[in-house]
Amino acid sequence: MTIQNPATATAPAATGTRAGTTTRSLLTCAVVASPLWAAVSLIQAAGRDGFDITRHPLSALSNGSLGWLQIANFVVAGLLLAIGATGLRRTLHGTPGSTWAPRLVRISGIGMIAAGLFVMDPVDGFPAGAPDNQAATLTWHSYAHFAAGSVTFTSLIAACYVLGRHFGNLGHRGYAIASRVAGTTLLLGNGWAMSGGKAGTLTLAVGAITAMLTISVIANRYRRNH
């Protein structure tokens, strides 16, 4: 008869508990990232002098004396998304979309970090004292910002559609529809903004926030299960 060491007997359970706790912590990063970014951005949009969300993109808040706040907002939210993607990878493992959904979320987080570090030029009279018209030539960091933004939006849209397929295959119709609607909202909002449509900066903000918050809701769903 073999007597098992009590410490050894509890080791697998302890290891499983630690893994679950780590996964929950990673998912918490993904849960917090989007509402944090949205709240900080919208509070500034409402309070910064001269800012008009129907004329100015939320990225423009990175300019001016308080610009550091939006820069930090982009970087912190991007880091949280990139870290949280690992939690999604763990919890989606072995299911449809388990490879690309977390990968796309991580790419969007990295894109947000870059968008924060490369500040766009002042635009349309914001911040106060800036020219009313777009400059004929953009600075290199403004081009870099727009490139990073394109990466962020494209990966977010794709992540939402991949998650829509994920939930569709699992039979979770509500989450499948919500994910696809979120991706479409950002796709149309960004397309309208890029085409120069009226209040395009507003439609872009609505689309980006909708897609990001959907990622947070999904991460929270899986976090509750760990």
Side-chain angles (χ1 to χ4, degrees), residues 12-13 15-39 74 76-115 147-194 203-226:
T15 300
T17 300
R18 285 196 297 270
T21 300
T22 301
T23 300
R24 281 196 300 273
S25 298
L26 292 169
L27 288 169
T28 298
C29 291
V31 172
V32 170
S34 301
L36 173 67
W37 185 85
F74 268 97
V76 171
L79 281 171
L80 289 172
L81 271 180
I83 294 169
T86 301
L88 285 174
R89 178 176 58 79
R90 290 184 177 190
T91 196
L92 295 179
H93 181 71
T95 64
S98 61
T99 298
W100 275 104
R103 188 175 294 174
L104 289 164
V105 171
R106 180 173 288 108
I107 291 171
S108 71
I110 294 171
M112 287 190 70
I113 295 170
S150 295
V151 169
T152 301
F153 298 144
T154 301
S155 56
L156 274 175
I157 292 167
C160 286
Y161 285 130
V162 172
L163 287 167
R165 178 175 175 272
H166 163 78
F167 286 113
N169 287 339
L170 294 179
H172 301 305
R173 189 167 179 268
Y175 280 99
I177 292 174
S179 298
R180 289 164 180 153
V181 168
T184 302
T185 301
L186 178 52
L187 178 65
L188 295 178
N190 186 46
W192 183 250
M194 293 295 290
T203 64
L204 175 57
V206 170
I209 291 172
T210 300
M212 291 177 66
L213 289 180
T214 299
I215 299 295
S216 284
V217 169
I218 291 170
N220 190 54
R221 177 188 187 277
Y222 284 111
R223 182 183 178 279
R224 292 198 308 266
N225 296 334
H226 278 81

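A 6.0 Å sphere centred on CZ of R103 holds more than 12 heavy atoms belonging to other residues, nucleotides or ligands.
For T203, there are no side-chain hydrogen bond (donor to acceptor under 3.5 Å, both in side chains) partners at least two apart in sequence or on another chain.
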I'd like a table of donor-acceptor pairs (distance under 3.5 Å, sequence neighbours excluded) in which one partner is a side-chain atom from residues 31-38, with atom names and distances.
residue: S34; atom: OG; partner: M212; partner atom: O; Å: 2.6
residue: S34; atom: OG; partner: S216; partner atom: OG; Å: 3.2

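Closest heavy-atom contact between L163 and A101: CD2-CB, 3.8 Å. Considering all non-hydrogen atoms of both residues, L81 and V105 come closest at O-CG1, 3.9 Å.
Looking at heavy atoms from C-beta onward, Y222 lies out of side-chain contact with T23 at the 4.5 angstrom threshold. With contacts defined as side-chain heavy-atom distances shorter than 4.5 Å, the pair I177/R180 does not qualify. In this structure the side chain of Y161 reaches within 4.5 angstrom of the side chain of T184, judged on heavy atoms. Within the 4.5 Å cutoff, the side chain of F74 has no heavy atoms near those of the T152 side chain. Looking at T210 and L186, their side chains never come closer than 4.5 Å, going by heavy atoms from C-beta outward. Proximity of L104 to L156: side-chain heavy atoms (C-beta onward) are nowhere separated by under 4.5 Å.
In summary, the side chains of S179 and R165 do not present any donor paired with an acceptor at a separation below 3.5 Å, with no hydrogens or angles considered.
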